[in-house]
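So the structure is just underneath, and the comments pick up after that.
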Amino acid sequence: GFDSDNSSGEFSEANQKVTGMIDVDTSKSDRVGKIGERPPQENGVQNYRTSLPAPMFTRSDFSVWTILKKCVGLELSKITMPIAFNEPLSFLQRITEYMEHVYLLHKACRQTQPLERMQSVAAFAVSAVASQWERTGKPFNPLLGETYELIREDLGFRFISEQVSHHPPISAFYSEGLSQDFLFHGSIYPKLRFWGKSVEAEPRGTITLELLAHNEAYTWTNPTCCVHNVIIGKLWIEQYGTVEIVNHRTGHKCVLNFKPCGLFGKELHKVEGYIQDKNKQKLFMIYGKWTECLWGTDPVSYEAFKKQERRGGHPRKAKLVRGPLPADTHGAEPGRGWGWGAWPAPAQMYNFTSFTVSLNELAMGMEKTLPPTDCRLRPDIRGMENGNMDLASQEKERLEEKQREARRERAKEEAEWQTRWFYPGTNPYTGTPDWLYAGDYFERNFSDCPDIY
Ligand SMILES: *[C@@H]1O[C@H](CO)[C@@H](O)[C@H](O)[C@H]1NC(C)=O
Ligand SMILES: *[C@@H]1O[C@H](CO)[C@@H](O)[C@H](O)[C@H]1NC(C)=O
Ligand SMILES: *[C@@H]1O[C@H](CO)[C@@H](O)[C@H](O)[C@H]1NC(C)=O
């Protein structure tokens, strides 16, 4: 991420200056732990908050170009960025946004045909990157040993993640369906590069989905994400690269090509691809935009559809919608055999969806059940969420210094860092290095968790 490991460097000094220039309302006191403490509804249904406690401050009116022009081509972990570029979430919470469209996994579990299941899994993989649309705030770098859990009984899953390495940054996650229908896990090594006007994030690491009733495992990696105009101009996000989703039991494969924007922007946000069986026979064509929705149909109809489009018709523009598609879109129209649509664009601060808004909520009684490493307890993120930017900056610096100090101590004692909930191993399906869940988190014995805040 943007955070520096060297607080004595000149970038940090610049950071102080820039932070000082941001006009923030510091009259609000620190209310860590009090926000969001409201009783559950009487009917026992958990209500999630629908807005953040404090308004977002603006990032305009200050130029960080003077800091950044020295850093072109550097890895971002070597640069300290002003906190104004952040959003009040940890990267561990951002990963959890995968689960916003978990209904697609439940759907895949219920489907009887491998082609149908692959369609749902492909939609899920694309939906995960859709949440990044218009999200230009940078999440906080997780501290080593930081964890995040999310239990959503209403959505039928629980999720746990841990920062298992600081250099390079690696986040491991594990999720399971509450009705034992799926497992979803992986490790993410975002490699960030700063290219002067843009920041590129190459998400290494494998993602694995297991549909238990079908005894099936799917694996894939995410496309590369690029945030343009980080310094001046209109920010926009591009995703590019090829995502291959493999069903390791049946040999079905889904290839999705996230197109780079191209010279005239014609290809912006476009995704095209297909599903093939183990004999490489194309069964299904997929097209659309990751920001809007995906359509799909059989290869013959797809050819006809392309021809119609080349003749000047605009068959897809007419019907492109944002918002979830009705469940029965299947076969509704020629050329539109199957679809998935992103949820409506949120008008929330930081461009959060309502799912995202709830992620850092510290609901009543939660503090007693969380481990001390949970990101909801991070004072810098909480400070920013509450609109107290000075506190957030101070706390961020304090936490990073504490982390450095702990590392120096370990070096002195020649002690290795021990991860708590995940261990390094090999992905059984791809044979590549991965971090595997050690189990027992939800037993909630947090007696030997490290003190990282
Ligand atoms: C920290 O920053 C100082 C000053 O910029 C530099 O001399 C030093 O090499 C840096 N140390 C590390 C570990 O990066
Ligand atoms: C939110 O989206 C709007 C509209 O595209 C964009 O102008 C703005 O920069 C985004 N804000 C953040 C914090 O990403
Ligand atoms: C919790 O874990 C600690 C250390 O791992 C262990 O000593 C202790 O017995 C455990 N407590 C319970 C109630 O299982």
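As the structure is a computational prediction, the values presented were derived from the model and not from experiment. Just so you know, ligand 1 is whichever comes first in the structure, and atom 1 is the first atom listed for that ligand. All values below were derived from every heavy atom in this structure, side-chain atoms included, with hydrogens, water molecules and symmetry-related copies excluded. Nothing fancy with the numbering, it's 1 onward along the sequence.
With no hydrogens or angles considered, a side-chain donor-acceptor pair links Ser171 and Gln163 at under 3.5 Å. Checked by atom type, the side-chain pair Asn427/Thr208 shows a donor-acceptor distance below 3.5 Å.
For residues 442-453, every residue pair satisfying the side chain to side chain donor-acceptor pair (under 3.5 Å) rule, not counting sequence neighbours, is listed here: Glu149-Arg444, Lys402-Asp451, Arg420-Asp448, Asn445-Ser447. Judged as a salt bridge (Lys or Arg N to Asp or Glu O under 4.0 Å), the pairs with a partner in residues 210-225 (not counting sequence neighbours) are, in order, Arg117-Glu216, Glu216-Arg249.
Not counting sequence neighbours, the partners of Lys412 by the salt bridge (charged side-chain N to carboxylate O under 4.0 Å, His left out) test are Glu409.
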Taking a 3.5 Å cut-off between nitrogen or oxygen atoms, can you list every pair linking ligand 3 to the protein, with distances?
residue	atom	partner	partner atom	Å
ligand 3	2 (O)	Asn445	OD1	3.3
ligand 3	2 (O)	Asn445	ND2	2.4
ligand 3	2 (O)	Ser447	OG	3.3
ligand 3	11 (N)	Asn445	ND2	2.9
ligand 3	14 (O)	Asn445	ND2	3.4

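Remark: Arg152 is positioned above the aromatic ring of Tyr48, its terminal NZ or CZ atom under 6.0 angstrom from the ring centre and at most 45 degrees off the axis.
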